Visitor: 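The structure that follows is given in the form of structure tokens.
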2 protein chains.
Amino acid sequence: MKILIIEDEKELRYDMVSYLSQEGFLCESARSFSEAIDKIGVYEYDCYVVDIMLPGGTGLDLVKTIKEQKHQGGIIIVSAKNSIEDKIVGLEIGSDDYLTKPFHLSELNARIKSIIRRRSFNGNNEIQFNEIRVLPDSRQVYINGKEISLTAKEYDLLLFFIANKGRVIPKDSIAEHLWGDYMDQADSFDFIYTHIKNLRRKLVQQGAKDYLNTVYGIGYKFQSE
Amino acid sequence: MKILIIEDEKELRYDMVSYLSQEGFLCESARSFSEAIDKIGVYEYDCYVVDIMLPGGTGLDLVKTIKEQKHQGGIIIVSAKNSIEDKIVGLEIGSDDYLTKPFHLSELNARIKSIIRRRSFNGNNEIQFNEIRVLPDSRQVYINGKEISLTAKEYDLLLFFIANKGRVIPKDSIAEHLWGDYMDQADSFDFIYTHIKNLRRKLVQQGAKDYLNTVYGIGYKFQSE
DNA sequence: CTTCAATTATTAAAATTTTCATAGCGGAAT
DNA sequence: ATTCCGCTATGAAAATTTTAATAATTGAAG
């Protein structure tokens, strides 16, 4: 899960990035309105943390831009003033939550997770990646309209890849995501190789292209070309 | 996991109980110093949320009592005034965290989870239940000093039972704890029955008494007598 | 005390996950 | 280009988990 943090106060920005990184998010940050616009233009994130007061523009306009570009990620507005109007405006133009400074980092973390959880449950209950369609509610997967059967691990793998399409995913991340904190460094990745192999076989056998690229020495990347 | 909330403000107490219950904790509450003393005398909780200002006494004395009774649970002090002295005193006499009112419930939730996580990692890395000894770090289990081998699910089950010894655990809770949010109501509990059976067999076969009592219509209870 | 329906236990088979041994590949160094 | 070493792939066995069918038990009701 990738998060963009838009905040001009240096220390707070640094704290947020380091806390959220520890929690397992991939974080990028922007220091100003224009830097944020640039990043939003290049990449789509899973969640945006937007400060209202920014050099070069207001966070509310940023939210509008994110929405205009049809980004699907959640948006949390952060503001120093607990003004009820700001809150209302923020929620009206499409942010998902509103947080008043000062706040605890664990609070921000909880809200981000809550938004991501909410999104994956509600509304967004159908994911399409070229000829692959996934219905997360029922854990069903279709290729070119025909349902295929995946085991639990294969399904989890596939969803993780699609959720992170285009990104290189290190094997450690895969292990952590699918198996939790169990395994320490010493463990081998044999089981990942096996599940990857099985997933590849099933997908290709059922008519999908082979999107799953090996990134030597690192992990894998799920990508169209 | 069972939590005792000691707070005299009715609305806040109600909010905390309802929020934390939704998060999967078993909650009890006390409205006053004396009620808290009573509950602490009867039962040992996994975490205590203690307000400083209470009718009949101070939360700091309550913390001392909890410690005197050798309770192992974590302690979070909650206070209206952000006095640094209170905080220091609180941490000195053995509380694990300090929270200033007003706070978000998700913040309290995060801190409780953090304390419980910390405790199960650090220090408390050996659990003894009569002739059964568990080393959570290495996931090893000994009976009368002899190591026995359990599968992942059997181990998780055993640890969950020991962590909740003496309590009746509904089958739903077991399913939720060991398998996450996967299964909806419609699912049967066949796999629980099977794992229970296997765990029982292994424990008894290796020389432990049968502590695992069936509670008809509800679930199970792990208990000495 | 019986009967009955619902709940839990047991057993065995099926499916999945993990491990292990071995083969193939990538890329750096010679 | 060749060699080599570490990384990844593959196939098959072993272990675990889940499912399914059947038996035993519980507690309520007659």
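Fair warning: this is a prediction, and the values are worked out from it, not measured in the lab.
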Visitor: B/Lys171 side chain: which of D/dA9, C/dT11, C/dT8 is closest?
Guide: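 So the side chain of B/Lys171 is nearest to C/dT8.
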Visitor: Does this structure show an ion pair linking A/Glu126 with A/Arg133, if we count only N-O contacts that are shorter than 4.0 Å?
Guide: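 A salt bridge is present here (some side-chain N lies under 4.0 Å from a carboxylate O).
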Visitor: Considering just the side-chain nitrogens and oxygens of B/Trp179, establish if one lies under 4.0 Å of OP1 or OP2 belonging to D/dT17.
Guide: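 So the side-chain polar atoms of B/Trp179 never come under 4.0 Å of the phosphate oxygens OP1 or OP2 of D/dT17.
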Visitor: Let's see if you can work this out: which of D/dT8, D/dT19, C/dT17 has an atom nearest to the side-chain heavy atoms of A/Thr151?
Guide: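 Minimum distance to the A/Thr151 side chain belongs to C/dT17.
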Visitor: Quiz question: going by heavy-atom distance under 3.5 Å, is there a donor-acceptor pair between the base of D/dT17 and the side chain of B/Thr194?
Guide: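 There is none.
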Visitor: When the distance from CD1 of A/Ile196 to C1' of C/dG24 is rounded to whole Å, what number comes out?
Guide: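 So the two atoms are 17 Å apart, to the nearest Å.
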Visitor: What nucleotide, of C/dT18, D/dA20, D/dT8, holds the atom closest to the side chain of A/Tyr193?
Guide: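 Selected nucleotide: D/dT8.
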Visitor: A/Phe222 and A/Phe129: aromatic ring centres closer than 6.0 Å?
Guide: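 Ring centres of A/Phe129 and A/Phe222 closer than 6.0 Å.
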Visitor: Whole Å only: how far is the NZ atom of B/Lys197 from the C1' atom of D/dT22?
Guide: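 Atom NZ in B/Lys197 sits about 13 Å away from atom C1' in D/dT22.
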Visitor: Establish whether the base of D/dG6 is bridged to the side chain of A/Tyr216 by a donor-acceptor pair shorter than 3.5 Å.
Guide: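 Flag set: donor-acceptor pair detected.
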Visitor: What is the separation between atom CG on B/Asp190 and atom P on C/dT10, rounded to the nearest whole Å?
Guide: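 Going from CG in B/Asp190 over to P in C/dT10 covers 14 Å.
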Visitor: If you check the A/Ala152 side chain, which of D/dT19, C/dT17, D/dC7 turns out closest?
Guide: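 The listed nucleotide nearest to A/Ala152's side chain is C/dT17.
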Visitor: Looking at A/Leu105, is its backbone amide N or carbonyl O close enough to the side chain of A/Asn109 to form a donor-acceptor pair, meaning the two atoms are under 3.5 Å apart?
Guide: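 Not at all, since once roles are kept as given, no pair shorter than 3.5 Å links the two residues.
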Visitor: Is A/Lys153 touching bases, backbone alone, or none of the nucleic acid, heavy atoms closer than 4.0 Å?
Guide: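 The residue A/Lys153 makes sugar-phosphate contact but no base contact.
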Visitor: Once you round it to whole Å, what is the distance between C1' of D/dT17 and CD1 of B/Ile174?
Guide: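 For the pair B/Ile174 CD1 and D/dT17 C1', the rounded distance is 16 Å.
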Visitor: Whole angstroms only, please: what is the CG-P distance between A/Leu150 and C/dT17?
Guide: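 Atom-to-atom, A/Leu150 to C/dT17, this comes out as 10 Å.
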Visitor: Check this for me: does any side-chain nitrogen of one of A/Asp46 and A/Arg167 sit under 4.0 Å from a carboxylate oxygen of the other?
Guide: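 Looking at A/Arg167 together with A/Asp46, the answer is yes, because their closest N to O distance falls below 4.0 Å.
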Visitor: On DNA chain D, compare the nucleotides closest to A/Arg201 and A/Ile218; which residue's is nearer the 5' end?
Guide: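 Of the two residues, A/Ile218 wins.
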Visitor: The side chain of B/Thr214 lies closest to which of these nucleotides: C/dT8, C/dT10, D/dT19?
Guide: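 Taking heavy atoms from C-beta onward, the closest nucleotide is C/dT8.
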Visitor: Taking for each residue the nucleotide of DNA chain C bearing the nearest heavy atom, is the 5' side occupied by A/Glu154 or by B/Asn198?
Guide: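 Nearer the 5' end of the strand: B/Asn198.
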Visitor: Does the distance from a Lys or Arg side-chain N to an Asp or Glu carboxylate O, for A/Asp8 and A/Arg31, drop under 4.0 Å?
Guide: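 No, A/Asp8 and A/Arg31 are not salt-bridged.
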Visitor: Measure OH/A/Tyr220 against C1'/D/dT8 and give the value in whole Å, please.
Guide: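 Taking OH of A/Tyr220 and C1' of D/dT8, I get 6 Å after rounding.
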Visitor: In whole Å, I'd like the distance from the CD1 atom of B/Ile192 to the C1' atom of C/dT8.
Guide: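 My rounded result for the distance is 12 Å.
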Visitor: Atom NE2 of A/His195 and atom C1' of D/dT8: how far apart are they, to the nearest Å?
Guide: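 Taking atom C1' of D/dT8 as the reference, NE2 of A/His195 is at 16 Å.
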Visitor: Under 4.0 Å, heavy atoms only, any strand: does A/Tyr155 hit a base, just the sugar-phosphate, or nothing?
Guide: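 Result for A/Tyr155 = nothing.
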